[in-house]
Amino acid sequence: MSQEETTSPQVDVEEFEPQVDELEALRAERDELRDKFMRVLADAENSRKRAERDRKEAEMYGGTRLARDLLPVYDNLNRAIQAIPEESRAASAALIEGVELTLRELTNVMTKHGITMISPAVGDQFDPQLHQAMFEAPLPGTKAGQIIQVATEGFLLHDRLLRPAQVGVSSNVG
């Protein structure tokens, strides 16, 4: 073998330099486009999740204003039943039954739509997250912060407070 046969042919690197530069430019462009695509894909996924969360929130809490507007109706029906004197109950039995049925139906509809009642009892501890203190008074035999009177029930819509229960609280110390 002659020396010409064993040596590899000489390649002129400068001849391929424009193609290498073009290849590098294409790779950089590809990487840039891949990065943009991944960002757009992430933004689209975030938008989808946000829209789903907003839809669920609207479904759960969209009726908040209506629910708040129904609370005085509940209060008035409750007061109507409580205001009937004992001596008039027998004569007004049918009317009382109608009001009680209406109140029960209203309560069922509210429960069906996620409205739950906050009914504190006398002696329960005052919770500022659920109760509104209407007055504070010292009452013998109670501890400070105990509920001594319930004026009106409170209501939650799912986990949100619609109206706090209105209560009187003991101010006794010790």
Side-chain angles (χ1 to χ4, degrees), residues 35-174:
D35 183 55
K36 284 181 180 179
F37 173 75
M38 295 306 284
R39 288 176 193 265
V40 167
L41 196 61
D43 284 346
E45 182 63 18
N46 289 340
S47 293
R48 186 193 64 76
K49 287 179 182 177
R50 187 172 28 260
E52 179 65 19
R53 185 178 59 242
D54 290 348
R55 185 195 64 76
K56 284 181 180 177
E57 187 168 303
E59 185 178 303
M60 287 182 71
Y61 304 112
T64 300
R65 286 181 48 202
L66 175 63
R68 280 198 181 106
D69 289 346
L70 287 176
L71 298 182
V73 175
Y74 171 87
D75 293 337
N76 290 333
L77 289 171
N78 215 6
R79 279 190 213 108
I81 293 170
Q82 293 172 359
I84 300 169
E86 199 58 47
E87 59 273 2
S88 301
R89 288 196 176 266
S92 306
L95 176 63
I96 295 168
E97 183 180 356
V99 173
E100 287 174 340
L101 287 172
T102 304
L103 181 61
R104 194 172 313 126
E105 182 64 23
L106 178 61
T107 303
N108 290 339
V109 168
M110 289 166 57
T111 301
K112 175 182 170 188
H113 291 280
I115 301 171
T116 54
M117 190 181 310
I118 303 169
S119 273
V122 171
D124 286 354
Q125 193 62 31
F126 177 77
D127 180 353
Q129 300 296 318
L130 301 174
H131 308 137
Q132 177 182 8
M134 301 306 290
F135 66 90
E136 196 174 20
L139 185 67
T142 62
K143 296 178 186 168
Q146 278 187 326
I147 294 174
I148 56 175
Q149 182 181 354
V150 178
T152 60
E153 293 92 356
F155 292 90
L156 292 169
L157 176 59
H158 301 288
D159 58 347
R160 287 189 184 168
L161 188 65
L162 279 176
R163 179 180 80 188
Q166 297 174 336
V167 298
V169 182
S170 174
S171 63
N172 284 352
V173 279

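Hydrogens, waters and symmetry mates are skipped; everything else that's a heavy atom, side chains included, is used.
Arg55 pairs by the salt bridge (charged side-chain N to carboxylate O under 4.0 Å, His left out) definition with Glu52, Glu59, not counting sequence neighbours. Remark: His158 engages Tyr61 in a ring-ring contact (aromatic ring centres under 6.0 Å, His included) (not counting sequence neighbours). Taking the side chain to side chain contact (heavy atoms under 4.5 Å, CB included) definition, one finds that Val73 meets it with Leu77, Leu106, sequence neighbours left out.
Taking 4.5 Å as the limit, every side-chain heavy atom of Gln149 sits out of range of all side-chain heavy atoms of Val167. Side-chain contact between Ile118 and Phe155 is absent, with no heavy-atom pair separated by less than 4.5 Å. In this structure, the side chains of Glu86 and Arg89 come closer than 4.5 Å at one or more pairs of heavy atoms. His131 has its side chain within reach of Pro120: a pair of non-hydrogen atoms, C-beta onward, lies under 4.5 Å apart. Inter-residue side-chain proximity for Ile115 and Leu156 is flagged as unmet; no heavy-atom pair is nearer than 4.5 Å.
Here CG of Asn172 is found 8.0 Å from CD1 of Ile148. Values are rounded to the nearest 0.5 Å. With values rounded to the nearest 0.5 angstrom, Gln132 atom CD is found 9.5 Å from Arg163 atom CZ. Put simply, OG1 on Thr152 and CZ on Arg79 are 7.5 Å apart, with the number rounded to the nearest 0.5 Å. Annotation: the span from Leu70 atom CG to His113 atom NE2 amounts to 9.5 Å, rounded to 0.5 Å. Taking CG from Leu157 and OG1 from Thr116, the interatomic distance works out to 8.5 Å, rounded to the nearest 0.5 Å. With values rounded to the nearest 0.5 angstrom, Leu130 atom CG is found 12.5 Å from Gln125 atom CD.
Looking at Asn76, its side chain does come within 3.5 Å of a backbone N or O of Pro72 through a donor-acceptor pair. Between the side chain of Ser88 and the backbone N or O of Ile84, no donor-acceptor pair lies under 3.5 Å.
The number of heavy atoms from other shown groups lying within 6.0 Å of CD (Glu97) does not exceed 12.
The pair Glu57-Arg50 fails the salt-bridge criterion, with no side-chain N (NZ, NE, NH1 or NH2) lying under 4.0 Å from an Asp/Glu carboxylate O.
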**OP:** Walk me through it: do Gln129 and Leu161 pass the test side chain to side chain contact (heavy atoms under 4.5 Å, CB included)?
**Re:** CA-CA 8 Å; Gln129 300 296 318; Leu161 188 65; over 6 Å; no
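Between Ala133 and Val169, the shortest heavy-atom distance links the atoms CB-CG2, 3.9 Å. The two residues Gly123 and Gln146 make their nearest non-hydrogen contact at O-NE2, 3.6 Å.
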